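Have a look at the structure below before the remarks.
Remember, it's a predicted structure, so these values are computed and weren't measured experimentally.
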Amino acid sequence: MIDKLSRRTFLKTGLAATAAVIVGPGLAGAVDHPLFEKTSIKSLELPNRAVRSSTWSGVGDEKGYVTDRALKFYGELAEGDIGLILTGYQYIMTNGQGLPYMVGNYDDKQAEGLKKLADTVHAKGGRIAAQLVHCLAKSNPKLFFKESDELWGPSAVPYAEGDQVPREMTRQDITRVVEAHASAAARSRKCGFDGIQLHGAHGMGLNQFLSPAWNKRGDMYGGSLQNRYRLVGEVLEAIRGAVGKDFPVMFKLSAQDFVGNGLELPESIEIAKRLAGDGIDAIQVSVTCPNSSPDKHCAKRMIVKAGEEAYLADFAQSIKESVKVPVMVVGGIRSMPVIDELLKDKRADYISISRPFIREPHLIKRWKAGATAQAKCISCNRCFETGMQGLGISCYWERKAREEKSKAA
């Protein structure tokens, strides 16, 4: 698909043209829209095809324990009729945290809070899967709180120019990461989560092992694609042994890194095939990492026109055409006509949305009720400001509106 249709052409035709017919307050037959079809991923039954894509939410405490902010944040999402909520990434080892106030999943002492989180979502009718991550070279040593913690990487290659150079991981380190994934997956199931997703995109740890941009190893974990995939294969095998065959295990894949010597689509298609062969239950397709050029960034800003939506749909379609597992598309999706085109043309099986849910956590419920105007989110990315303050992410424009209303009262 990619070699036949450029992103620019894609945006000028097809979805862009369809999206131009966005209507205002209502659209007849909204509940008959393919978005609202019931489906299942392995043993998990879903009421619709909407997925809340994982986003760092800044709702943990300094050591990654679940807070009341987290319960409120995810509880409100659950009230919005989203088919599946993917949590913000949860770090599985104390040296794997990339941003402050991440929720952790590295110790059984965290189980009580994690269970409360899953129970809160279920009590409001939602379904939730935990996204698991070790950020490796992308981790922030300033956030480490154990003296013995070190910055690790597949190789002694910094995540980005100017970053601290990580220590190349030993075989023992790799084993610890594999075991930590399995422990976090088992903990997630025990705490009541409906599934897990492994973060293998955006320059996170598994992405680093898969990508020749960061993986310069000369042993069985580096070099060929088979070797670079080895850690992922070992992680999946360990997780299956820990959670069983019926528990949904998903993967977030970088279709293209857009960094020097990074993953390109043909290799990512082969990775997707290997994931399918290893029993993955769904693949969410993303691209790039935050240190790529702004025009290639996976969380593009200021999406206000219909033609700017669904900028990763061609990548998702390329992966979907190559595997027989459900594929989730992500990337600036904001309107029902675009979603209609994506699903009816079988470009993807699930629609992943994130930033619009920060402004409108009940967006799916609104659309289902027939108020199908485009999502209010303009993708300014100012929602992350309060997250960095430990207050949890929140829409800047909604905050501003509340402040103005308060002043006027």
Once you measure the plane-to-plane angle for Phe209 and Tyr221, does it fall in the parallel (<30°), tilted (30-60°) or perpendicular (>60°) bin?
perpendicular
Flag if over 12 foreign heavy atoms under 6.0 Å of NZ, Lys63:
no
Would you say the side chains of Arg355 and Ser53 form a donor-acceptor pair under 3.5 Å?
no
Polar contact flag, side-chain donor to acceptor under 3.5 angstrom, His199-Asn207:
no
For the residue pair His134 and Trp152, does the interplanar ring angle fall in the parallel (under 30°), tilted (30 to 60°) or perpendicular (over 60°) class?
parallel
Run Trp56 and Tyr89 through ring-ring contact (aromatic ring centres under 6.0 Å, His included) and show every step you take.
CA-CA 6 Å; Trp56 167 81; Tyr89 58 171; 8.1 Å; no
Between the SG atom in Cys395 and the CD1 atom in Ile378, the distance rounded to the nearest 0.5 Å is 8.0 Å
I'd like to know if Lys38 pairs up with Glu45 as an ion pair, taking the criterion as any Lys NZ or Arg NE/NH1/NH2 lying under 4.0 Å from an Asp or Glu carboxylate oxygen.
no
Should the pair Asp281-Arg240 be classified as a salt bridge under the 4.0 Å nitrogen-to-oxygen rule?
yes
Quick test of your reading of the model: are Glu321 and Arg347 salt-bridged, counting only N-O distances below 4.0 Å?
no
Salt bridge between Asp108 and Arg187, side-chain N to carboxylate O under 4.0 Å?
yes
Identify whether the distance between the nearest side-chain nitrogen and carboxylate oxygen of Glu112 and Lys115 falls below 4.0 Å.
no
Is it true that Lys273 and Asp278 have a side-chain N and a carboxylate O under 4.0 angstrom from each other?
no
Gap separating the CD1 atom of Ile358 from the SG atom of Cys377, nearest 0.5 angstrom:
7.0 Å
Would you call Asp219 and Arg217 a salt bridge, using N to O less than 4.0 angstrom?
yes
